[in-house]
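See structure below.
For clarity, every value in this text was computed on a predicted model and none was experimentally measured. The chains referred to below are lettered A, B, ... by the order of the sequence lines, with proteins before strands, and numbering in each begins at 1.
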Amino acid sequence: MVKEEQEESSNRPDNTAFTQQRLPAWQPILSASIVIPMFVLIGAAFIGVGVALFITSRDIQLQELDYTGDDSEHPCFKCRTNTEKCTCSMTFSIPTLFKGPVFFYYGLTNYFQNQRKYGASKDDNQLYGDLNYFTSPSTDCDPYTRDSKNMPIVPCGALANSMFNDTFTLSHTVNGVQKIVPLDGKGIAWWTDYNIKYRNPSITPLINAFNGTKKPTNWPKPIYELDTTDVYNNGFINQDFLVWMRRAALPDFRKLYRRITHDDYAAGLPAGNYTLTIAYNYPVHSFNGKKKVVLSNVSWMGGKNDFLGIAYIVVGSMCVVMSIVMLIVYARFKFGEDD
Amino acid sequence: MTVLTDIPEKWLPVVLPIKKKKKAGFGGGKSKKKRTEEERRVKANDREHNEKFQYANNCIVTSKYNILTFLPVNLFEQFQEVANTYFLFLLILQLIPQISSLSWFTTIVPLALVLSITAVKDATDDYFRHKSDNQVNNRQSQVLIRGSLQNEKWMNVKVGDIIKLENNQFVAADLLLLSSTEPHGLCYIETAELDGETNMKVRQSVSVTAELGDPNNLASFDGEVVCEPPNNKLDRFCGTLYWREKKYPLTNQNMLLRGCVLRNTEACYGLVIFAGPDTKLMQNSGRTKFKRTSIDRLMNTLVLWIFGFLVCMGVILAVGNAVWEREVGSLFQSYLPWDPPVDNFMFSAFLSFWSYIIILNTVVPISLYVSVEVIRLGHSYFINWDRQMFCSRCNTAAESRTTTLNEELGQVEYIFSDKTGTLTQNIMTFNKCSINGQTYGEVTDPLGKQPKRLDFTPFNPLANPDFCFYDEKLLESVKVGDLHTHEFFRLLSLCHTVMSEEKSEGELVYKAQSPDEGALVTAARNFGFVFRSRTPGTITTTEMGRTVTYSLLAILDFNNIRKRMSVIVRNPEGRICLYCKGADTVLLERLHPCNQELMSITSDHLNEYGADGLRTLALAYRELSEDEWEAWSESHRCADKATDCREDRLAAAYDKIEQDMKLLGATAIEDKLQEGVPETIALLSLANIKIWVLTGDKQETAVNIGYSCKMLTDDMTEVFIIGGHTVQSVRQELRSARERMMELSRGKTEGMEAWAEACFMGNGMKDGQEGDCTTGRGSKQLHCSSLPPSASGDMDSISGEFALIISGHSLAHALEADMEAEFVSTACACKAVICCRVTPLQKAQVVELIKKHKKAVTLAIGDGANDVSMIKSAHIGVGISGQEGIQAVLASDYSFAQFRFLQRLLLVHGRWSYLRMCRFLCYFFYKNFAFTMVHFWFGFFCGFSAQTVYDQFFITLYNIVYTSLPVLAMGVFDQDVPDHRSLEYPKLYEPGQLNLLFNKKEFFICITQGIYTSVVLFFVPYAVLSDATQSNGVPLADYQTFAVTTATALVIVVSVQIALDTGFWTVFNHMFVWGSVGSYFTIMFALHSQTLFRIFPNQFRFIGWSLALAFGLHTKPCKNVQRSYILSRHNHKLSVSFISFYVINPIQSSLLVYLKENYVWFSLTKNCPVKLRLEDR
């Protein structure tokens, strides 16, 4: 019958769910009976997670040592403005066992690795080992593309040029004897950086690839001499270089320097006195930066982070408060009961 | 009656579209000089002579582009839009290396997408225009060239050519009719394509040329026509033919316009006067006014505000940059020296301002306009597809003729409706008549027995079997041979403009311009006065079986000012008689004062008929002596020849002869109400829509229809009638109406108060506490003192149901500038307003008045040519595709076949459209603010260096891939309550009228929410990541992790938000929401893959997944990490931590949505959508 009708009236629109806006649809309704219990549940869950995170975070040990030397009392004060090689050392004590594995970070503050120009000032093709870009680096690197004699700089750019070059040694005073704590510098960079993004040119010895190029102006030694002992840690794939080249998102940051995983210290740093010796090369005084060394261990939730726990607790409590407010409003309007 | 034989000059500009500014003015490669043509001179058969003037040839070009010009012209047009130019400007900024903070493709990809979508649409439209142009231009026509007829394409026809037309052919250009095969140089045309009227019209050639006849004579015709320049007036032509030293006046009666079809005529010859773009058809094409919705205007304002906001942010960040460069950056130069052109912090700040304009440009959403268009298009299709707005009787579906107004259908506050054909069916039936003081047609049968329908066939073989009449007395009277009755029907059979078509003997088909006329002529036919055929000079009838041919001396046309028409005929006996029919008000004034008694009886009858809701006409005649006729005929000819003020002179001449007539009687025609009209009106007024009926009918008829369609009810407090003829009396009537209203409503409130006091006193007594009583009284007094000014001050406080009826002549005074406000305030306090006896121009004026004084959305609905002006001036024009041609439909924005579909158009489609559009806009602004403001916060931590937070690909794709489709799906498919519910609860329409769902306040809520989201999106990762490390000790605060984490959080948060906003999850919504989130992850993994990096190391810098930590995904690189250093287990536990900020935002949002859904609606309407949906379960 319907068919007949349609033949009669050729202009009649199709009778489909789509054209007649009758598509089957799920219509979620945020009614009070759903929203209020949902809020209570979410609130409870968040508070639970928050408390767990907060407690965990409090158990994580953290040792921070500022070695900028702004204070004239500070052992590194002398190195602060010194342009020559300068070494200073700081002592600190660990009251209880610093559970391992312990991570050794260096930190910088007021340092704008996230500045647009700074971050862009590198040549990814060059760092990928493309020799064409050794001789003619990208202009992104300006003004660190070429030196005063118009020789191309490899690696070019402000980012590489400003590579952090303080070095640290940590020694443990055992019975009055300084015992060097072995630091492990392997695998501190991102896997993709090490394996994919950065490549040395496939020329051996590596030094030949750098013919006709100059080292960055701030660097004491060229890139191919960063670690002459280990081919797999030299040139562009030097772990320290890679760590530096991964830009920090915020002006106060820390970067992984070493890991303490060796024999005696695999379980952690025993309680006792320690000395940190710093080869102070990197000037931060000019821009009021701070330098620090951070020792930390991790838990299941990663590094120390009180904020996360607090955030969870706050959000959870907010949910609960909201649900109570809504309950009151709901009770007053008696929604859906009387007309 | 809505006859459009002669449109008064006054409202021509309103009815007919102003001619297109861009005139397609080129002919055959020669570019036409841009000069204003003052008069046109055309010499027949003389191409050389005519070429001097460079008139356009008959080739029409409605297409805008060709293959070569498409790209440049289309792009040029598109860049005339501010939004597009703005993005072009951004693109140019991005090409300056010092400023460029983003790659060029972040802007060009969306821009190209938007441009190409529009270009494809334009190209398709133009392709079809090309096709139709080609088809039309290549039609064949026979042109007389050097004495012989040759086939030529239409486009090669030139001004001054003589062409031959055959029966049923389209007229190729505007022609001066020279001769035809019919006698007297007559020919018949149908003008459906031109003005929508399907009846036939007669055209006649000037008598001297009519004799030319065959091609040989025509070839030597060398007359010259001097006439007005091309214009768009379809019913007017003024010119003179000079031939053989003589002048002949030319009028519209001599013209065949392009677009007409030749009918009932074997062949005719015409001289091309206007060709191609100069023809009246082409001069009339093109929409006049581009209507915009209030949401559109609001949107444009908001976009400007956002733009201002963008500049403010740019300035703030630039100042920040100046300070930073001075305080920090200058010291940091050992690591990052300033770029060579930058030598001080001020210049750096200047550059940074532009850089920030580039990266923050996404607050001005480029895809907004395109998305809005897409959504509206969807809604328009839903209207076209709606089976419940399909009329099976006339096989017409509703049609949305514009796609830009849909959401305004959800905000209508005033409906202006025509009566005839809109509220009524416009199928006229001859119902009653009054002849010489005797009324017929009244069937008074106290037993209510079904009266018998009269059978005319035995009496009259030519009768129309469909005709219904029940009163035998009239037939008797005819049979008896009552002179008055015979004269009455003779008048009906002679005084009209109906054309007849006699397909076979006795099988007559009448083609009438208005159904009224058809009904009257049919009535006369059945009562034995059969109109058989007409020529310009004669009318042939069969009177009581006897064929009589009258010579037609003159037709005195109907028009809206005269409101009457007359014919002057000479019967075979040589008696000259003027027959006149017209509106009683006009006609009764022109009668001979001899028979006052008949006049008063007839007016009583007329009033009775009017009260029954019938349409009435009075009929009168006058016998003329030969001298009188001669004298008048001369003055008429003079007036006819006049070139200036011809219309006025003719009207004066007509006036002179239509005097001292004798009354014959009156007719009453019934116009039945359309199906469902009372219900629709009742429902619409429940939805708080005020309905005004504007009709040309007389007051009684209009009031009666008002009652029958429930606009006026007996429960109404009072119905005011304004009928004054002078300014003073109208003002007085309006004032007294208003005073009365206030009086009545004050009485009401006072009554209420007294009642309240009584209650209060009662309570006081019961408690026996006097103190309460006094305080109570004190507060009441306060209340009292505040009441009177509010009651007298504004008219909004008026309660009670009032109606206002105003007649055309009073309306003319009420519309004068100094009384406008008074009229509006009185009329708007009434629930129903009926304006009767209004002219088309007044209809438009009333609409304009409401548009001006009330900031309300108006809708005009009508079906006839007289509604066109109203339809065009209202915010929304609706055309009823009914009996009266298609002009109203052509001018309208929406059209359908029945008035009752209006409720569905407004309450269902309009309401949904408005809701969807508002939700769409809210979300759209929200998502762009949430997205963009993150950069602003980041500015404070990256030295105001215009470093983006997100990866450039993310910025490119965010608006066009990751977040575009879910919100489109919501904008197209969302429903808060099913359609039957919004018809059941018309109050649900109210939020649209009050503009509650999207206004400046809502906009601020949206962007505040967006900014809040951006704060959470930036600062939570900031706090979490700054010190966080993975469990292998690697810090998480690197730029890539930060960027990807924020971006992912953003995509998830805005997706959850759209999920919460979507109230109606169809399969498309699921597909798009999940699909968008899915596409984000897919694209992200693809972009971060090694392959792309290996190809373009410079573009794809983010390689490897940092995100793994947020989702606990064990991805390949992460597994490989184990190889290089000790990593016992991957830290998927960290995923827990990140979920927190995906949740914080949605929680706030769900709260907001919950509150909006429940309480905003609840405060307005008792039935909020949520409750209705719960009930439906």
Side-chain angles (χ1 to χ4, degrees), chain A residues 9 11-13 15 19-21 23 25-27 29-31 35 49 53 103 112 114-119 124-125 128 143 158 162 186-187 190-192 196-197 246-251 253-256 259 261 286-287 298 300-305 307-308 311-312 315 319 322 335-336 339, chain B residues 101 328 331-332 334-337 382 385 387 390 392 395-397 941-943 945-947 1023-1024 1026-1031 1033-1035 1037-1039 1042 1063-1066 1090 1097-1098 1101 1103-1104 1117 1120-1121 1124-1125 1131 1133-1134 1136-1137 1140 1144 1147 1150-1151 1153-1154 1157 1166 1170-1171 1173-1174:
Chain A
S9 39
N11 290 339
R12 184 187 290 272
N15 187 14
T19 55
Q20 301 308 310
Q21 305 199 57
L23 284 174
W26 172 57
Q27 288 178 272
I29 300 177
L30 292 173
S31 65
V35 173
V49 173
L53 283 173
F103 299 99
F112 288 82
N114 60 5
Q115 229 270 0
R116 175 163 59 94
K117 289 276 160 53
Y118 181 88
D124 286 299
N125 285 311
Y128 190 53
S162 58
K186 270 193 185 140
W190 275 50
W191 184 88
T192 43
I196 299 157
K197 203 172 167 185
R246 181 155 277 270
R247 289 166 75 191
L250 299 164
F253 59 87
R254 59 188 195 188
K255 284 175 184 278
L256 190 57
R259 234 180 280 108
T261 48
S286 64
F287 57 92
V298 296
W300 56 267
M301 61 164 281
K304 192 175 180 68
N305 197 340
F307 173 83
L308 205 54
Y312 266 95
V315 172
C319 280
M322 293 284 186
F335 200 74
D339 47 18
Chain B
S101 44
V328 185
L331 306 175
F332 197 61
S334 51
Y335 293 122
L336 181 69
F382 282 136
W385 285 334
R387 281 166 73 90
F390 172 78
S392 46
N395 195 19
T396 0
F941 298 90
C942 67
S945 59
Q947 172 66 47
V1024 171
S1026 58
D1027 284 334
T1029 55
Q1030 301 179 37
S1031 50
V1034 175
D1038 66 294
Y1039 172 66
F1042 189 80
F1064 194 77
W1065 285 78
T1066 63
Q1090 305 173 11
N1098 254 339
R1101 287 179 178 150
I1103 166 168
N1120 288 336
V1121 172
S1124 48
Y1125 62 90
N1131 52 347
K1133 288 111 188 172
L1134 250 180
V1136 184
S1137 66
S1140 72
I1144 295 173
I1147 285 207
S1150 67
L1151 194 73
V1153 171
Y1154 171 72
E1157 283 244 311
K1166 289 276 176 179
V1170 169
K1171 195 188 149 199
R1173 281 203 323 243
L1174 280 172

Options A:Ala158, A:Ala249, A:Ala248, ranked by heavy-atom pairs under 4.5 Å with chain B, top entry: A:Ala249

Relative to B:Phe390, does A:Arg12 satisfy both conditions: NZ or CZ under 6.0 angstrom from the six-membered ring centre, and within 45 degrees of the ring's axis? no

Among A:Leu23, A:Leu250, A:Thr19, single out the residue with the greatest number of heavy-atom pairs under 4.5 Å to chain B. A:Thr19

What pair of heavy atoms forms the shortest contact from B:Gln947 to A:Arg116, and how long is it? OE1-CA, 3.1 Å

Using non-hydrogen atoms and a 4.5 Å limit, figure out which bit of A:Gln21 sits close to chain B: side chain, backbone, both or neither. both

Segment of A:Phe287 engaging chain B (4.5 angstrom heavy-atom cut-off): both

Which atom names give the shortest non-hydrogen contact between A:Phe112 and B:Phe941, and what distance separates them? CE2-O, 3.5 Å

Against chain B, label A:Phe253 side chain, backbone, both or neither, depending on which of its atoms sit under 4.5 Å from a heavy atom there. neither

Look only at the side chain of A:Gln20 and the backbone of B:Arg387, and say whether a donor-acceptor pair between them is shorter than 3.5 Å. yes

Indicate the atoms forming the closest heavy-atom contact of B:Pro1035 with A:Arg254, along with that distance. CG-O, 3.3 Å

Report the C-alpha distance between A:Asn114 and B:Phe1042 in whole Å, list the side-chain angles of each, state the deciding distance to 0.1 Å, and finish with yes or no for side-chain contact (heavy atoms from CB on, under 4.5 Å). CA-CA 11 Å; A:Asn114 60 5; B:Phe1042 189 80; over 6 Å; no

